[in-house]
Each structure stands twice: as C-alpha cells, then as structure tokens.
Amino acid sequence: MIPDIRTGIGFDSHALAPERRLVLGGVTIPHDRGLEGHSDGDVLTHAIMDALLGAAALGDKGQHFPSSDEKYRDIDSLKLLAQVREQVVVGGWRIANVDATMLAQRPRLGPFIPEMRTLISDTLETVPGRISIKVTTTDYLGFTGREEGIAAVAIATIFHQDE
C-alpha cells in the first residue's frame, strides 16, 4: 500500500508601501516600508498557508479568508495560519515539513529567520526542524530586485495520521 503523502505549493507577493509595518513569518522587521495587503501582508505566512491548503486539497487562502471580509483587515497572519493548521488536522493530516523561500532585495532578512522558524513551528504545533526558511535576492531583477515588493514561495508535505 502506498502511504497517503501529499505536497502543496504556495506563492504570494505584495508591493512595499510607506506607513505599513513589514511583517514576515510573524516577525516585525525594521524597514522604511511594509507590505500592502488586507491583512498584515505577511507573504511568507501566506505562501505557507496556501501550500498547506493545497496539500490537503482545501482550496486557497482567498476562499477561506477573503479580502472582502472586514474581520480580516490588518489581522495577524499567524492567526490565519493557526486556522489553516486546524483545518488540515481535522482532515486527519499531519505536517511533515514546510520549506519556504522569500525573495527580497532589501532589507536583509537572514538575521530574522530563526525567530520566524520558531513562530511558524509554534503556530503549526511542530518543531523548528520541520520548518525551513530561506531568503534570496533577485540580483536587482524584477519587482523584488527594484525593491517594489517582496515575494515568497513555499512547499508543504503532509501525511495521513493513520500512515
């Protein structure tokens, strides 16, 4: 019998804007601009949410947390990630791992990765060793290279608890 293991991919990007906090992986990063968005604009957490929802065949974050719903305005995306985790677990799934990459020319995000891993693993009720977060620049190419925005891509693997 083949074990029931699934993988999902998530992607998100937002423009940088003045007078917004820059929040990535639940961590507030000192910067002169933050990410636009209905919620806190946390592209890393959003990409992870979509990866988990995709792996469990539960749709996407827009279906569950529409930007037309005012109750999600400026919400902490880790709260939404906790709700996604609950939906995945209710379906009988466990999180094997999450691997994510952020694309940003500036600010330098490497020093914040350990805290991001801890916050995300705590929210997903797993250990930091199951959460990988990386960051890369695009060598000044595209909207991230021009410092117009930040993007993130994530992949999540889940398995059925009975396996």
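Side chains are part of it too, since the values below use all heavy atoms of this structure and drop only hydrogens, waters and symmetry mates. Sequential numbering from 1 along the given sequence is applied to the chain's residues.
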Distance-only, no hydrogens or angles: does the Arg130 side chain make a donor-acceptor pair with backbone N or O of Ala96 under 3.5 Å?
yes

Would you say Gln63 has more than 12 foreign heavy atoms packed within less than 6.0 Å of its CD?
yes

Between Ile131 and Asn97, does the side-chain contact (heavy atoms from CB on, under 4.5 Å) criterion hold? Intermediate values first, please.
CA-CA 6 Å; Ile131 309 299; Asn97 78 301; over 6 Å; no

Membership question, hydrophobic clusters at under 4.5 Å side-chain separation (ILVMFWY): are Ile95 and Met116 in the same one?
yes

Are Ile155 and Ile158 linked, directly or through other ILVMFWY residues, by side chains that come within less than 4.5 angstrom of each other?
no

Same cluster or not: are Ile29 and Ile133 linked, directly or through other Ile, Leu, Val, Met, Phe, Trp or Tyr residues, by side-chain heavy atoms under 4.5 angstrom apart?
yes

Strictly distance-based, threshold 3.5 Å: is any side-chain N or O of His38 a donor or acceptor partner for the main-chain N or O of Asp69?
yes

Residue from Asp40, Thr45, Thr123 passing side chain to side chain donor-acceptor pair (under 3.5 Å) with Ser77:
Asp40

Looking at every non-hydrogen atom in both residues, tell me the closest pair between Val27 and Phe112 and how far apart they are.
CG1-CD2, 4.0 Å

Between the side chain of Arg94 and the main-chain N/O of Phe159, is any donor-acceptor distance below 3.5 Å?
no

Heavy-atom pair of closest approach, residues His64 and Leu58:
NE2-O, 2.6 Å

Do Leu119 and Leu44 belong to the same hydrophobic cluster, where Ile, Leu, Val, Met, Phe, Trp and Tyr are linked whenever their side-chain heavy atoms lie under 4.5 Å apart, directly or via other members?
yes

Would you confirm whether His14, through its side chain, and Leu35, through its main-chain N or O, come within 3.5 Å as a donor-acceptor pair?
no

Is there a donor-acceptor pair closer than 3.5 Å between any side-chain N or O of Asp12 and the backbone N or O of Ala152?
no

Please walk me through it: do Arg6 and His160 pass side-chain contact (heavy atoms from CB on, under 4.5 Å)?
CA-CA 9 Å; Arg6 297 183 183 179; His160 207 269; over 6 Å; no

Between Val135 and Leu24, is there shared hydrophobic-cluster membership here, with clusters defined by ILVMFWY side-chain heavy atoms closer than 4.5 Å?
yes

For Ser121 and Thr126, test the side chains for any donor-to-acceptor distance below 3.5 angstrom and give the result as yes or no.
no

Within the distance-only criterion (no hydrogens, no angle test), does the side chain of Gln105 pair as donor or acceptor with the backbone N or O of Thr137 below 3.5 angstrom?
no

Do Leu78 and Asp122 pass the side-chain contact (heavy atoms from CB on, under 4.5 Å) test, and can you show the C-alpha distance, the side-chain angles, and the key distance before you say yes or no?
CA-CA 10 Å; Leu78 290 179; Asp122 287 350; over 6 Å; no

Scanning both residues in full, the closest heavy-atom pair of Leu22 with His31 reads CD2-CB, 3.7 Å

Pro66 versus Tyr72, closest heavy-atom pair with distance:
O-CD1, 3.6 Å

For the pair Arg33 (side chain) and Leu16 (backbone), establish whether a donor and an acceptor sit closer than 3.5 Å, ignoring hydrogens and angles.
no

Restricting to non-hydrogen atoms, name the atom on Asp50 and the atom on Gly10 that form the minimum distance, rounded to 0.1 Å.
CB-CA, 3.8 Å

Run the numbers on Met102 and Leu109 for side-chain contact (heavy atoms from CB on, under 4.5 Å), then give the verdict.
CA-CA 9 Å; Met102 294 177 288; Leu109 300 173; 4.1 Å; yes

Give me the atom names and distance for the closest heavy-atom approach of Val88 to Ala56.
CG2-CB, 4.2 Å

